[in-house]
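The structure under discussion appears below in the form of structure tokens.
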Amino acid sequence: MAAVAVVEAAAGKDAIAEGLVDLLKPAIKQLDTHVHAVRESQVELREHIDNLASELCRINEHQKVALDLDPYVKKLLNARRRVVLVNNILQNAQERLRRLHHNVAKETARRKTMLEASGVFTTRSPSKP
């Protein structure tokens, strides 16, 4: 009788854990989508900065008037460096999210299999109480 109570308590905890996982999955997927979109925009921004920096260098070389564009080029290159740094941070965060999502799915499947094997967990159709 005590073993049944322990199994039922474990099943309750697993049901709560599975409910939390189901609750968090959409948020994790949405966050992953947003991180991916930001990374793409970061790459695009980096390309624009590179183009602008090379264009400024070209203009500076062809100027007849001595206009010093080097400080602006340096600022652009510094901005590009920061964009690359942020992109790397986002890439690492996205990879951690992907691993977390994978581990959560793996743990959920493991617990569900364990509960089904113990005979405590049975899937019910939504129409049957």
Side-chain angles (χ1 to χ4, degrees):
M1 198 55 122
V4 171
V6 169
V7 170
E8 288 176 356
K13 287 180 184 177
D14 285 340
I16 290 171
E18 190 172 331
L20 285 173
V21 167
D22 289 342
L23 184 67
L24 292 176
K25 271 184 185 180
I28 290 173
K29 284 182 181 181
Q30 183 181 20
L31 184 59
D32 186 54
T33 301
H34 288 299
V35 167
H36 184 72
V38 169
R39 285 184 54 211
E40 285 180 357
S41 69
Q42 292 277 322
V43 168
E44 188 177 326
L45 178 60
R46 187 179 66 219
E47 289 171 358
H48 286 300
I49 289 172
D50 288 344
N51 291 338
L52 184 56
S54 64
E55 188 67 21
L56 282 175
C57 287
R58 190 185 62 77
I59 290 170
N60 198 27
E61 289 172 2
H62 292 93
Q63 279 292 342
K64 292 180 182 175
V65 179
L67 181 62
D68 190 19
L69 294 177
D70 285 340
Y72 302 107
V73 171
K74 287 179 183 177
K75 285 182 181 182
L76 279 172
L77 293 177
N78 189 31
R80 181 191 185 282
R81 183 186 57 78
R82 287 183 299 199
V83 166
V84 169
L85 180 65
V86 168
N87 194 30
N88 289 339
I89 291 168
L90 286 172
Q91 188 174 3
N92 290 337
Q94 188 174 30
E95 179 59 26
R96 286 193 302 266
L97 273 173
R98 188 197 62 75
R99 283 194 312 259
L100 175 66
H101 187 265
H102 175 75
N103 289 340
V104 164
K106 192 167 82 172
E107 181 65 17
T108 300
R110 185 190 67 80
R111 288 182 181 211
K112 188 174 183 179
T113 303
M114 185 178 71
L115 287 173
E116 287 173 348
S118 70
V120 173
F121 183 74
T122 57
T123 42
R124 298 180 187 163
S125 66
S127 61
K128 296 181 184 177

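Note: hydrogens, waters and symmetry copies are ignored here, and every other heavy atom, side chains too, is used.
Closest heavy-atom contact between Pro26 and Asp22: CD-O, 3.1 Å. When all heavy atoms of Leu77 and Ala53 are compared, the pair lying nearest together is CD2-CB, 4.3 Å.
At a threshold of 4.5 Å between non-hydrogen side-chain atoms, the residues Glu55 and Ile59 count as touching. For the pair Asn78/Lys75, no side-chain contact is recorded, criterion being any heavy-atom separation below 4.5 Å from C-beta on. Two residues are said to be in side-chain contact when any heavy atoms from C-beta on lie closer than 4.5 Å; Val86 and Arg82 fail this criterion. Under the 4.5 Å side-chain criterion, counting only non-hydrogen atoms from C-beta, His101 is not in contact with Asp32. Residues Glu116 and Lys112 form a side-chain contact, since some pair of their non-hydrogen atoms from C-beta on lies under 4.5 Å apart.
Both Leu90 and Leu100 are part of a single hydrophobic cluster, where members link through side-chain heavy atoms under 4.5 Å apart. Criterion: ILVMFWY side-chain heavy atoms under 4.5 Å apart, direct or through other members. Under it, Ile89 and Val35 are not part of a common hydrophobic cluster. When the side chains of ILVMFWY residues are joined at heavy-atom separations under 4.5 Å, either directly or via intervening members, Val84 and Ile49 end up in two distinct hydrophobic clusters. Hydrophobic clustering of Ile, Leu, Val, Met, Phe, Trp and Tyr side chains at less than 4.5 Å, counting indirect connections, keeps Val43 apart from Leu52.
The CZ atom of Arg46 lies 11.0 Å from the OG atom of Ser41; values are rounded to the nearest 0.5 Å. Going from atom CD of Gln42 over to atom CG of Asn88 covers 10.0 Å, rounded to the nearest 0.5 Å. Atom CD1 of Ile28 sits about 6.5 Å away from atom CG of Leu97, to the nearest 0.5 Å. Residue Arg39 holds its CZ atom at 5.0 Å from CD of Gln94, rounded to the nearest 0.5 Å. To the nearest 0.5 Å, atoms CZ (Arg80) and CG (Asn87) are separated by 10.5 Å.
In the displayed structure, Lys25 atom NZ is contacted under 6.0 Å by more than 12 heavy atoms of other residues, nucleotides or ligands.
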Exercise for review: With side chain to side chain contact (heavy atoms under 4.5 Å, CB included) as the test, would you mind laying out the steps for Glu107 and Arg111 before giving the verdict?
Suggested key: CA-CA 6 Å; Glu107 181 65 17; Arg111 288 182 181 211; 2.7 Å; yes
